[in-house]
Number of protein chains: 2
Amino acid sequence: MVTLRDVAKEAGVGVATASRALDPTSEHVTSSARARVLAAAASLGYRPNSSARATTTGATPMVAIVVSDIRDPYNTELIHGAISAARERGLMVTITGTDHADDDEVRVLRTLRSQRPRALVVAGARGGSNSSHAALLRELERYEHDGGRVVVAGEDELPFDTALVPRREGARQLIVALAELGYRSVSLIRPDGDSSGIRSWETGIAEGARQTGVLVDHVTHLRDVPMSRDGGYAAASDLLREGRREVEALVAATDSMALGAMAAVRSAGLTPGADIGVAGFDDVVDADDVTPGLTSVDLSLESVGASVVELATSAASERRRVRQFAARVVVRGSTPPRVSGIRR
Amino acid sequence: MVTLRDVAKEAGVGVATASRALDPTSEHVTSSARARVLAAAASLGYRPNSSARATTTGATPMVAIVVSDIRDPYNTELIHGAISAARERGLMVTITGTDHADDDEVRVLRTLRSQRPRALVVAGARGGSNSSHAALLRELERYEHDGGRVVVAGEDELPFDTALVPRREGARQLIVALAELGYRSVSLIRPDGDSSGIRSWETGIAEGARQTGVLVDHVTHLRDVPMSRDGGYAAASDLLREGRREVEALVAATDSMALGAMAAVRSAGLTPGADIGVAGFDDVVDADDVTPGLTSVDLSLESVGASVVELATSAASERRRVRQFAARVVVRGSTPPRVSGIRR
DNA sequence: CTGAAAGCGCTTACAG
DNA sequence: CTGAAAGCGCTTACAG
């Protein structure tokens, strides 16, 4: 491996000068010295050893992102925004998946501390026990205490700089949009367990309901269902079997649950959209590819991802910063206009 | 930050002993010394500085993966396999996206060399010019020459250890499956441009055709279409407009193109499946969520991802290793059985 | 088995 | 502006 020493020798300067010449922000170099060093570096194919640089300066050019599952398009969208923003700043992004295990998250964080990343990004809404929450918090605080930066992407639930996913606002807008389409009564399809993301969504739904007068059936599902396509299918099946035909639309907490609900509607011999509206949340599935297209809410996840990197790299501020983003309802065929509560 | 020195002092041993005690593979430590060091490390919350370790040993605990677009489920599946395998080995995975720009890939690789990752994984089939291919190859060889490992995930087109995505075999099996379902004549929907991935797919299709006697219409599309849903829509629309009604199925190079093709079939007033079969490739979309479900080919991408890490971490072998994986056709409603060429 | 010492490749006061 | 030197936090022969 060619080292700074080699470059310095080749350029006929000391290693200190070579180091300065290679640092674009350093001004204490004659331009001729800089030119010679740059030429030497190029001809030798020199690449600074960033580990060595990191042990000297204490700062790594990495931002570490912890997500539950890297296959989830929700996370992927966010990560994509982060990678682009990181690249603009000459940083690398490291991804770790916890596979949904809460305690694993703590373990992963501990491992990550070895890396001394410039910032640790925790993505996704937390649910789960208070004890795991406390353990997580302790680990993150320890990290910040050691001079690292912690940034949260998702909910406003941890005392660090946060890029907020606009779930509440998005859910509110969705109900408003449905009201404008003529829906007067909807039923929620949601996973069980208590996650902050779901809470935000419900809060937004309730706000929209209050604002528009839309009736929201906060039915407790007959069985516990997971946040997945199958969960949506199960919950919607139960609901339809109960025969709550006064419900004009199923409003699901995620797109995948909504897709499951659509399948359930079909299994019940009904047509999604025409007979009963279905709406999702997140707009990450290729909602145009299902039939009918799925009405959903775009949560600006790419911007959230970019913001996370911006927060991580900007000068630490004395007070906690919280970034807001816009949500946007995307109406598609799964929620056609209704005329005064009567099926079209 | 607490350092090894602090741990050693706390445990009442020298820093060398502390280092050995913390290394599970080192045997030259009394178990009592080790116990004291471990206790000290735990109570101090010590985490080894992996940059420092890396500058000492020259080896980083990172595997860097370069993909075109991190949002592509194809890549995501592969990355997920890699992350899991990496975690088992105590390694981290770094992701970089090139956003499909070939020369960007070279630039990214150059940046990555600074990181000195244990291995560089290049994922995805290459297309493009010979010049960019040459530049890429040069960069990778330089990296290997410096003692790094290069692993390719995708096609057999670069002279490094390779985990092969079973495109050829998968395409062959698909045609065989279609033949068994009664299809006698299919038309290909493929993107233009010349990529090794598409070439493999076509080779497999041709093999299947030879084996089964299925007629493959290697029609050149009327216009250039991209490898996307819209591309599939455009190509299929042209084809249907031409009125090649003797074609019994559209076989697309990717799932997204197939979804576009399905939409085109519908726009033409036909029903996908019942009137004309549609098949995709990769099985990464939630093919169950479209109606009818999309017949596709599972390419074992998660295994490919895991294999990449295995190749990257196993002892370097004097000869190049190529790993093979199985493909599996998943038949769904978009290709119902046909009775002797007559529509059911 | 153990510790002092050298060395990994950088950066950055410190004196010229 | 420039270079010799110290130091970042580790690991690992080298002598006990």
Side-chain angles (χ1 to χ4, degrees), chain A residues 1-38 40-41 44-62 90 111 113-118 146-148, chain B residues 1-38 40-41 44-62 90 111 113-118 146-148:
Chain A
M1 283 267 34
V2 16
T3 145
L4 186 58
R5 215 197 166 90
D6 303 326
V7 174
K9 189 175 300 173
E10 174 82 8
V13 302
V15 63
T17 304
S19 177
R20 293 188 196 101
L22 257 16
D23 173 4
T25 71
S26 174
E27 299 180 334
H28 305 276
V29 216
T30 24
S31 54
S32 85
R34 168 162 282 155
R36 263 178 302 144
V37 170
L38 257 26
L44 263 39
Y46 172 71
R47 296 270 72 209
N49 179 327
S50 70
S51 292
R53 177 176 287 172
T55 109
T56 299
T57 63
T60 300
M62 324 223 59
T111 303
R113 272 177 51 213
S114 273
Q115 238 57 56
R116 310 278 194 276
R118 176 160 317 194
D146 290 346
Chain B
M1 284 266 35
V2 16
T3 143
L4 186 59
R5 216 197 167 90
D6 303 326
V7 174
K9 190 174 299 172
E10 175 83 7
V13 301
V15 64
T17 304
S19 177
R20 292 188 196 101
L22 257 14
D23 173 5
T25 71
S26 173
E27 298 179 335
H28 305 276
V29 217
T30 24
S31 55
S32 84
R34 168 163 283 156
R36 264 178 301 144
V37 170
L38 256 26
L44 263 37
Y46 172 71
R47 296 269 72 209
N49 179 326
S50 70
S51 293
R53 178 176 286 173
T55 108
T56 299
T57 64
T60 300
M62 325 223 58
T111 304
R113 272 176 52 213
S114 272
Q115 238 58 54
R116 312 278 196 274
R118 176 159 319 193
D146 289 347

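Only heavy atoms go into these numbers, but all of them, side chains included; no hydrogens, no water, no symmetry mates.
- Residue B:V29 is the one, among A:A52 and B:V29, whose nearest nucleotide of DNA chain C lies closer to the 5' end (criterion: closest heavy atom).
- Rounding to whole angstrom units, CG of residue B:N49 and P of D:dG9 are separated by 7 Å.
- Side-chain nitrogen and oxygen atoms of A:T30 include at least one within less than 4.0 Å of the OP1 or OP2 phosphate oxygen of D:dT2.
- Across all strands, B:A54 comes closer than 4.0 Å to no nucleic acid atom at all (heavy-atom distances).
- Formation of a donor-acceptor pair under 3.5 Å by the B:D23 side chain with backbone atoms of B:R20 is not found in this model.
- Comparing C:dC10, D:dT2, C:dA4 against the side chain of B:A16 picks out C:dA4 as the nearest.
- As a whole-Å value, the separation of A:K9 NZ from C:dC10 C1' is 16 Å.
- No N or O donor and acceptor, one from the side chain of A:T55 and one from the base of D:dG7, sit under 3.5 Å apart.
- Side-chain N or O atoms of A:T30 include none that pairs as donor or acceptor with a backbone N or O of A:S32 at under 3.5 Å.
- Atom-to-atom, CD of B:E27 to C1' of C:dC1 comes out at 12 Å; the value is rounded to the nearest Å.
- Closest to the side chain of B:T56, from the set C:dT2, D:dG9, D:dG3, is D:dG9.
- Under the Watson-Crick or G-U wobble criterion, with both distances below 3.5 Å, D:dA4 is left unpaired in every strand shown.
- Counting heavy atoms from C-beta outward, A:T60 and A:Q115 have side chains that stay 4.5 Å or more apart.
- Across all strands shown, D:dA13 forms no Watson-Crick or G-U wobble pair with both distances under 3.5 Å.
- In terms of modelled atom types and a separation under 3.5 Å, the side chain of B:S51 and the main chain of A:T55 share no donor-acceptor contact.
- Summarising the geometry, the separation between CZ on A:R34 and C1' on D:dG3 is reported as 17 Å, rounded to the nearest angstrom.
- Residue A:S51 places none of its side-chain N or O atoms closer than 4.0 Å to OP1 or OP2 of C:dG9.
- Atom P of C:dA6 sits at a distance of 22 Å from the matching atom of C:dT2, rounded to the whole Å.
- Among the atoms of the strands shown, base atoms are found under 4.0 Å from some heavy atom of A:S19.
- Between B:H28 atom NE2 and C:dG3 atom C1' there is a gap of 15 Å when expressed in whole angstrom units.
- Closest approach to the A:T17 side chain among D:dG3, C:dC10, D:dC10 is made by D:dG3 (side chain taken as heavy atoms from C-beta onward).
- Proximity of a side-chain donor or acceptor of A:R116 to a complementary backbone N or O of A:G148 within less than 3.5 Å is not detected.
- Using a 4.0 Å cut-off, some side-chain N or O of A:Y46 falls inside it from OP1 or OP2 of C:dC10.
- What separates CD of A:Q115 from C1' of D:dG9 is a distance of 14 Å, to the nearest Å.
- A:S50 contributes a side-chain N or O that, together with a main-chain N or O of B:S114, makes up a donor-acceptor pair within less than 3.5 Å.
- Counting distance only, with no hydrogens placed and no angle test, the side-chain atoms of A:R20 and the base atoms of D:dG3 include a donor-acceptor pair under 3.5 Å.
- The separation between B:D23 atom CG and C:dC1 atom C1' is 15 Å, rounded to whole Å.
- Nucleotides D:dG16 and D:dT12 place their C1' atoms 16 Å apart, quoted to the nearest Å.
- Between B:V13 and A:L4, the residue anchored closer to the 5' end of DNA chain C is B:V13, taking for each the nucleotide with the nearest heavy atom.
- The nearest whole Å value for the distance from the CZ atom in B:R116 to the C1' atom in C:dC8 is 12 Å.
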